[in-house]
Asker: 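Structure incoming, see below.
Residues take their numbers from the sequence shown, with the count starting at 1.
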Amino acid sequence: MLRHIKPADVATGMFIHGFVGSWFDHPFWRKKFLLEDDDDVLKIRQSRVDAVIVDDERGSVPAPRAAERPFAMPSLPSAPRLATQPNPLAKRYTAPTAATKSTSFRQESKRAAKIVEKSKKQVGAMFEAARMGQAIKVADVAPLIDEIRDSVERNNKALTNLVRLKSKDEYTYMHSVAVCALMINFARKLDLDENTIRSMGMAGLLHDLGKMAVPQMILDKNGRLTDEEFSAIRTHPERGHALIGDNPEIPDVARDVCLHHHEKMDGTGYPFGLQGNEISLAARMGAICDVYDAVTSNRPYKDPWTPCTALGRMAQWEGHFDERLMQVFINSMGLYPAGGLVRLNDHRLALVVDNCEDDPSAIRVRPFYCTSRLQLTKPVEIIIAPDRGPQILGTERPEFWHFDDWAALRQSILAKGADLSAAA
């Protein structure tokens with residue numbers, strides 16, 4: 001029996017009979033196959049197909065939506081096993097209400113500013129308590145995670161843009177708030193259930209807790225760290241895991257992310273050198289969120305990258321991140337990597353240049369190709385801003401448009417008035 005289901009409803013065990021939509025909107029070269037891998041599930045959920053055709057006689061019947069059940073996470077065979085326990089945060093949070101209705105970037109920025117001020121006090125107090133050896137009190141920060149979740153629901157850019165602006169003294173605290181917001185936004189894009197989203201938020205908030213066991217003079221150092229100092233920094237995942245201990249109020253996913261957010265897909269990370277599926281979904285998400293906020297924040301020893309620049313460079317780091325999750329993260333941010341190809345809603349293709357200096361939510365692009373006439377045009381830089389003017393529909397693949405030497409064409413576009421005919 002063939003049935004049509006939404007991409008978000010696919011699950012392992014289903015037999016895929018086909019896809020509804022253009023062939024280049026789905027991520028597989030084949031159409032009929034048994035869905036056995038969680039990564040393939042993720043690819044289908046993040047594709048642009050309208051529907052998925054499943055054959056119930058050759059596979060399992062459609063499972064409950066991802067929003068109604070946790071997303072399966074790979075086990076951690078090379079790392080300490082964590083006992084399974086009920087989610088202690090579930091009873092502490094309320095479901096999203098009418099207060100989470102979408103708002104503009106400008107409107108939400110005012111609310112987000114108040115959340116940031118509250119975060120400085122509450123998270124700062126929690127971290128200082130951990131430094132003194134006191135137990136983490138989840139009840140003190142659970143409402144804050146709820147507010148962060150609601151802000152992300154209303155507008156996912158306002159809070160994350162504000163927390164990028166951190167002073168030296170508050171970096172560790174506000175970095176944790178930023179990663180909390182990024183993890184919540186990431187989990188929403190993956191269609192995870194509400195309880196898992198909240199746990200991901202707690203994981204982001206606690207991921208760097210172990211830095212409270214690292215000497216403050218090392219954390220505040222402006223210059224290059226010595227080998228000994230860097231070794232001390234590298235102990236913070238295990239120290240954080242120890243500080244959390246067996247606190248029954250903290251979900252296991254927070255312990256997992258705390259311990260493994262510096263592991264890399266190619267096995268060159270720390271503390272265990274895990275690789276590939278040895279690293280859980282949550283820890284792979286945490287690794288992306290942690291690095292993104294770090295490289296886009298004001299730091300004593302380096303200037304921040306713009307969001308577009310950060311996404312572009314991170315996507316090119318081979319072996320560091322889960323490539324599929326990296327693409328999901330980019331989509332979840334509603335931003336586009338510098339140097340990428342995007343399609344506008346006015347029948348043009350454009351090259352992403354960078355964010356605007358005075359407005360991180362706006363993007364500078366250079367349209368250079370008319371999709372209705374199938375011809376190159378002279379590139380003129382424009383600003384893509386929320387709620388006004390042309391908007392970006394999504395990313396495009398250069399090879400689909402027969403831009404065979406995309407690198408050369410991109411350089412020509414960056415030269416603004418150059419003749420593009422030779423590069424095409």
Asker: Side-chain contact test, heavy atoms from C-beta onward, threshold under 4.5 Å: evaluate it for Pro390 versus Asn345 and give yes or no.
Answerer: yes

Asker: Any side-chain donor paired with an acceptor under 3.5 Å for Glu128 and Tyr173?
Answerer: yes

Asker: With side-chain contact (heavy atoms from CB on, under 4.5 Å) as the criterion, how do Asn185 and Phe329 come out once you've worked through the C-alpha distance, each side chain's angles and the decisive distance to 0.1 Å?
Answerer: CA-CA 9 Å; Asn185 188 54; Phe329 179 76; over 6 Å; no

Asker: CZ of Arg198 to CD1 of Ile148: how many Å apart, nearest 0.5 Å?
Answerer: 14.0 Å

Asker: Could you check if a side-chain atom of Arg154 sits within less than 4.5 angstrom of a side-chain atom of Arg111, using non-hydrogen atoms only?
Answerer: yes

Asker: When the ring centroid of Phe368 is compared with that of Phe403, is the distance short of 6.0 Å?
Answerer: yes

Asker: Under 6.0 Å between ring centres, would you say that holds for His207 and His262?
Answerer: no

Asker: Run the numbers on Asn355 and Arg364 for side-chain contact (heavy atoms from CB on, under 4.5 Å), then give the verdict.
Answerer: CA-CA 6 Å; Asn355 293 99; Arg364 294 186 291 121; over 6 Å; no

Asker: Do His261 and Asp256 pair up side chain to side chain, a donor and an acceptor below 3.5 Å, judged on atom types alone?
Answerer: no

Asker: Does the side chain of Thr306 come under 3.5 Å of the side chain of Thr309 through a donor N or O and an acceptor N or O?
Answerer: yes

Asker: Check the pair Trp305 / Arg313 against side-chain contact (heavy atoms from CB on, under 4.5 Å), numbers first and verdict last.
Answerer: CA-CA 10 Å; Trp305 293 345; Arg313 293 183 181 179; 2.9 Å; yes

Asker: Pairing donors with acceptors under 3.5 angstrom, does anything connect the side chains of Gln216 and Arg131?
Answerer: yes

Asker: Nearest 0.5 Å, what's the CG-CD distance between Leu42 and Gln327?
Answerer: 11.0 Å

Asker: Minimum heavy-atom separation for His260 and Ala283, please, with both atom names.
Answerer: CB-CB, 3.7 Å

Asker: Could you check whether any side-chain heavy atom of Leu344 comes within less than 4.5 Å of a side-chain heavy atom of Ile382, counting everything from C-beta outward?
Answerer: yes

Asker: Are Met326 and Leu311 side-chain neighbours, meaning at least one heavy-atom pair lies under 4.5 Å?
Answerer: yes

Asker: Quick one: pull up CG in Leu206 and OG in Ser176 and give me the separation to the nearest 0.5 Å.
Answerer: 8.0 Å

Asker: Would you check if Asp150 and Glu147 make a side-chain contact, meaning some heavy-atom pair closer than 4.5 Å?
Answerer: no

Asker: Do His236 and His241 have side-chain N/O donor and acceptor atoms under 3.5 Å apart?
Answerer: no

Asker: Is the backbone of Lys264 close enough, under 3.5 Å, to the side chain of Thr268 for a donor and an acceptor to pair up by distance?
Answerer: no

Asker: If we only count heavy atoms from C-beta on, is the Ile136 to Val141 side-chain gap below 4.5 Å?
Answerer: no

Asker: Whether the side chain of Asn156 engages the backbone of Ser332 through a donor-acceptor N/O pair (distance < 3.5 Å, no angle test) should be reported.
Answerer: yes

Asker: Applying side-chain contact (heavy atoms from CB on, under 4.5 Å), run through Val54 and Phe15 and close with a yes or a no.
Answerer: CA-CA 6 Å; Val54 296; Phe15 188 89; over 6 Å; no

